[in-house]
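Remember, predicted model here, so these are calculated numbers, not experimental data. Any value given below was found using the heavy atoms of this structure, including those in side chains, with hydrogens, waters and symmetry copies removed.
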Amino acid sequence: MRSLCSIFCISSFLLVLRIMDVKLLSFPADCPPLSVIVAAKIAGITSPADSSLPSGSAPTFLFSSGLKLHGTSVLLRYIGRVANIPNFYGQNAYESSQIDEWLEYAPILSSGSAFESACSYVDKYLERCTFLVGHSLSVADVAVWSGLAGTGQRWESLRKSKKYPNLQRWFNSLLAEYCVDLDDVLTTYVGKRGGKSSGAKLKDQQGLSQKTNSVSQDTSDKGKQGSRSTFEVDLPNAEFGKVRLRFAPEPSGYLHIGHSKAALLNQYFAQRYNGEVIIRFDDTNPAKESNEFVENLLKDIETLGIKYETVTYTSDYFPQLMEMAENLIRQGKAYVDDTPREQMQKERMEGIESKHRSNSPEENLRLWKEMILGTEKGLLCCLRGKLDMQDPNKSLRDPVYYRCNPIPHHRIGSKYKIYPTYDFCCPFVDSIEGITHALRSSEYHDRNAQYYRIQEDMGLRKVHIYEFSRLNLVYTLLSKRKLLWFVQNGKVDGWDDPRFPTVQGIVRRGLKIEALIQFILEQGASKNLNLMEWDKLWTINKKIIDPVCPRHTAVVEKRRVLFTLDNGPEKPFVRVIPKHKKYEAAGEKSTTFTKGILIDQVDAQCIKVDEEITLMDWGNAIVKRIEKDQDGYVTQMSGILHLEGSVKTTKLKATWLPDINELVTLSLMEFDYLITKKKLDEGEDFLDALNPCTKKETVALGDSNMRNLKRGDILQLERKGYFRCDVPYVRPSKPIVLFAIPDGRQQACLK
């Protein structure tokens, strides 16, 4: 009898399953449930997809029986239960509950800057396990994997940084194991969302589609993705596993946003070809360089997450460079010239040969010794390459290889009196250090022929040059010489000034590094010159900080208005409320409710007698009396609480502070561009375009919770914008300094 019952139950269950076939998966077009689609694909559950649901709607399964299920987690649990995959929803109740925990956790991967903390958590969790739950694939793995893949460029930039090795290993192994299904889903859905990577591209960048040593692949299929990234390019003559690149800044300033593009491109190509990057300091001009710049450049490189093999210095090769110079002199490929600099420049422009060009190698070697010793005669001379004074490309018209400079070097002191030029040492050191590809911005295009010619004269291995466009931004100077002028003349507070385009400056202003990386990677390795708006970068930044930064309240101190609530609490009371209503991890804050409250003058000016307004985080109030001074400014107001009123009916939602002694003093700092022109014309002096007003301070009062802010914390002052804490609370007499963070909207000039 028991066996008959069992047979009947099994038959009934199979009948239900047949009846419960998934007929349709519906979801909003702007938010496809990637994890559900992936899980269904792996489980072999096929059904048509309908992407016509309104934005914000939950994904839905429609069954052949007419029944429905709603919500990503619900659909994943259903797939986990019916899939013909061992332990897809756990092998026991405990594992199923673990999977449930991961399904609840997975959405945090789309929560702004919480993304990185989530990556860190999962990376640590995967230190000693292959799968998230148990010893086989489950819907927990699918949910978290899809959450990462769905962020597109954001996950790719972190993955390429090798910051989370366990997470990368796990991600890659799933992609390799289920490549056909995952590639299909990613190409269809991720590749269509805002121009993010297609599945094929993602897989290629993981190194999983590399079958041979050659990476010069046919790229004809890349045109199929209309919104493809500009990164879908190849380095010429690159071999997988043999690419060696260098990022070579001159230590004459701090790293700025333009350098960041070069650094990140080097890292991108190194990781794409399983190669390596080295850092080389081009320290050949002792007049401009210092150890301070070296230390801060390394700090900025670390901030960008650049992973490099080693650090070298051009000055390490000074003996070899001098030996090479002497060899070129002996071969008649270089000569010493004492022509005055201005005359030399004129002769180069006009193609006129120097009178010393035909000097004998013996005479040139004699003068070369004078240069090495730094004698009076030697100081008047320079060493020039004997290339071609008639070449239409003026960079080939006998460029300078060495100059005298008696200034001590920041690393090696006064050992040398002569220093090589960038044009001479770069092709030499690139070849000697085994660099396969030199990435240079297109502003050096005319010097490429010179680079190759010098390497040829030296008899060295050829290094391939790859060009990319320089990153130019509106209202921005990227010349280190010009930026140094602002520092030396006290126009800014240093290289990390929030008005500066340096990495330290923009981070101090409130930019998240992941926003900078995403912005630069979106530009790609294009050779097209363009002038970028800062608004785009700050818009990306806002999308990262808004979902997670805590909310606080401030009232401008000048002409603040006391609003007395006649039926307000006779005795102040405190409530604990979330700092962010949609992000619990932001924490909680204590809010004091009092009979007298403070509001901004600008809000008070908008209110009329008998108007009902909403006091944020409290409720409605009706204004009964407004007093103004002779200039029309509101001095005080009174009214009554009307907490049963609807917030939907009020026009003004006012921020407020309790009238108590525990409030803190704030210094709200706003910044503007350093120059007034979007782009300087050719030859235009930047001094003629200086912005006379680039900084504005507003004194305000803030809620007492801001005593706990730390330097670098990012917050939102409700209805005032986003800010970064630059100086935290120390004592009542010293204000908390907050730097305003642009949000991507058009910036207004400061007055």
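Ion pair R575/E588 not flagged as a salt bridge, since none of the NZ, NE, NH1 or NH2 atoms sits closer than 4.0 Å to an Asp/Glu carboxylate oxygen. Note on R711 versus D726: salt bridge recorded, some NZ/NE/NH1/NH2 to OD/OE distance being below 4.0 Å. Classification of K720 and D600 as a salt-bridged pair holds, one side-chain N sitting under 4.0 Å from a carboxylate O. In this structure, R551 pairs ionically with D546, as a charged nitrogen and a carboxylate oxygen lie closer than 4.0 Å. A salt bridge is absent between D566 and K624; no separation between the charged side-chain nitrogens and carboxylate oxygens falls under 4.0 Å.
The 12-atom threshold is exceeded at CD of E644, counting heavy atoms of other residues, nucleotides or ligands nearer than 6.0 Å. By the 6.0 Å contact criterion, NZ on K558 is open, its count of non-hydrogen atoms from other residues, nucleotides or ligands being 12 or less. By the neighbour-count criterion of 12 heavy atoms within 6.0 Å, atom CG of D629 is densely surrounded, having more than that number from other residues, nucleotides or ligands. Counting heavy atoms of neighbouring residues, nucleotides and ligands inside a 6.0 Å radius, atom CD of E302 does not exceed 12 of them. No more than 12 heavy atoms of other residues, nucleotides or ligands shown are found within 6.0 angstrom of NZ on K651. Atom NZ of K734 is surrounded by 12 or fewer heavy atoms from other residues, nucleotides or ligands within 6.0 Å. Counting heavy-atom neighbours within 6.0 Å of K288 NZ, excluding the residue itself, gives a total of 12 or less.
Taking 4.5 Å as the limit, every side-chain heavy atom of C693 sits out of range of all side-chain heavy atoms of D672. Looking at heavy atoms from C-beta onward, L109 lies out of side-chain contact with V122 at the 4.5 angstrom threshold. Annotation: side chain of T476 is not in contact with side chain of I257 (no heavy-atom distance under 4.5 Å). Between F593 and L615, the closest side-chain pair of non-hydrogen atoms is not below 4.5 Å. Contact of the L516 side chain with the S260 side chain is registered, since non-hydrogen atoms from C-beta on lie closer than 4.5 Å. For the pair Y722 and N541, the minimum side-chain heavy-atom distance is 4.5 Å or more. Residues W485 and L477 form no side-chain contact, since every pair of their non-hydrogen atoms from C-beta on lies 4.5 Å or further apart. Side chains of Y254 and L483 form no contact here, defined as non-hydrogen atoms less than 4.5 Å apart.
Ring planes of F500 and W495: perpendicular class, angle over 60° (limits at 30 and 60°). Ring geometry for Y121 against Y105 counts as tilted: the plane angle lies between 30° and 60°, on a 0 to 90° scale. Using a 30° and 60° split on the angle between ring planes, Y673 and Y475 fall in the parallel class, below 30°.
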CA sep, side-chain torsions, deciding dist, call: M637, I607, side chain to side chain contact (heavy atoms under 4.5 Å, CB included): CA-CA 10 Å; M637 298 164 42; I607 301 172; 3.8 Å; yes

R719 and D603: CA distance, side-chain angles, deciding distance, side chain to side chain contact (heavy atoms under 4.5 Å, CB included) verdict: CA-CA 11 Å; R719 299 179 63 236; D603 283 342; 2.8 Å; yes

From CA spacing to verdict: side chain to side chain contact (heavy atoms under 4.5 Å, CB included), V602, V556: CA-CA 9 Å; V602 67; V556 175; over 6 Å; no

side-chain hydrogen bond (donor to acceptor under 3.5 Å, both in side chains) assessment of T614 paired with N620: CA-CA 4 Å; T614 296; N620 286 5; 2.7 Å; yes

side-chain hydrogen bond (donor to acceptor under 3.5 Å, both in side chains) assessment of S469 paired with K261: CA-CA 9 Å; S469 64; K261 179 175 182 179; 3.2 Å; yes

Candidate pair K678 and E533, rule salt bridge (Lys or Arg N to Asp or Glu O under 4.0 Å), full reasoning: CA-CA 9 Å; K678 272 194 169 186; E533 296 280 350; 3.0 Å; yes

Chi angles and distances behind the side chain to side chain contact (heavy atoms under 4.5 Å, CB included) call for T553, T591: CA-CA 10 Å; T553 303; T591 300; over 6 Å; no

Full working for salt bridge (Lys or Arg N to Asp or Glu O under 4.0 Å) between D617 and K581: CA-CA 11 Å; D617 292 327; K581 292 181 176 64; 2.9 Å; yes

Stepwise side-chain hydrogen bond (donor to acceptor under 3.5 Å, both in side chains) test for T650 and E612: CA-CA 6 Å; T650 58; E612 186 166 359; over 6 Å; no

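K480 places a side-chain N or O within 3.5 Å of a backbone atom of E250 that can act as its donor or acceptor partner. No donor-acceptor pair under 3.5 Å is formed between the side chain of D631 and the backbone N or O of Y633. Between the side chain of D300 and the main chain of H256, no donor-acceptor pair closer than 3.5 Å is present. Within the 3.5 Å criterion, the main-chain N or O of D493 finds a donor-acceptor partner in the side chain of D497. With Q601 contributing its side chain and V634 its backbone, the two residues share a donor-acceptor pair below 3.5 Å. Judged by distance alone, with hydrogens and angles left aside, the side-chain atoms of R560 form no donor-acceptor pair with the main-chain N or O of L701 at under 3.5 Å. Listed for the H580 side chain is no donor-acceptor partner under 3.5 Å among the backbone atoms of A585. One N or O on the side chain of T594 and one on the backbone of G596 form a donor-acceptor pair closer than 3.5 Å. One N or O on the side chain of T649 and one on the backbone of S646 form a donor-acceptor pair closer than 3.5 Å. Between the side chain of R724 and the main chain of R508, a donor-acceptor pair closer than 3.5 Å is present.
Heavy atoms only, all atoms of each residue included: L717 and A554 are closest at CD1-CB, 3.8 Å. Looking at every heavy atom in both residues, V561 comes nearest to Q636 through CG1-CA, 3.9 Å. What you find for P547 and K542 is that their closest heavy atoms are CD-O, 4.1 Å. Taking every heavy atom of both residues into account, L304 and L264 meet most closely at O-CD2, 4.2 Å. The nearest pair of heavy atoms linking K512 to I545 is CG-CG2, 3.6 Å. Nearest heavy atom pair, residue I626 against residue V609, reads CD1-N, 3.8 Å.
A distance of 12.5 Å separates CD1 of I599 from CG of D659, quoted to the nearest 0.5 Å. Atoms CG and NZ, on D681 and K679 in that order, are 8.5 Å from each other to the nearest 0.5 Å. In this structure, CZ on F519 lies 4.0 Å from CE on M532, to the nearest 0.5 angstrom. One distance of note links CG of L666 with CD of E697; it measures 10.5 Å at 0.5 Å rounding. Taken from NE2 in H70 to OG in S57, the straight-line distance is 10.5 Å, to the nearest 0.5 Å. If you take CZ on F563 and CG on L657, they are separated by 14.5 Å, rounding to the nearest 0.5 Å.
Both tests pass for R707 against the ring of Y729: distance under 6.0 Å to the centre and angle within 45° of the axis.
Side-chain contact, Q504 with T502: no donor N or O sits under 3.5 Å from an acceptor N or O.
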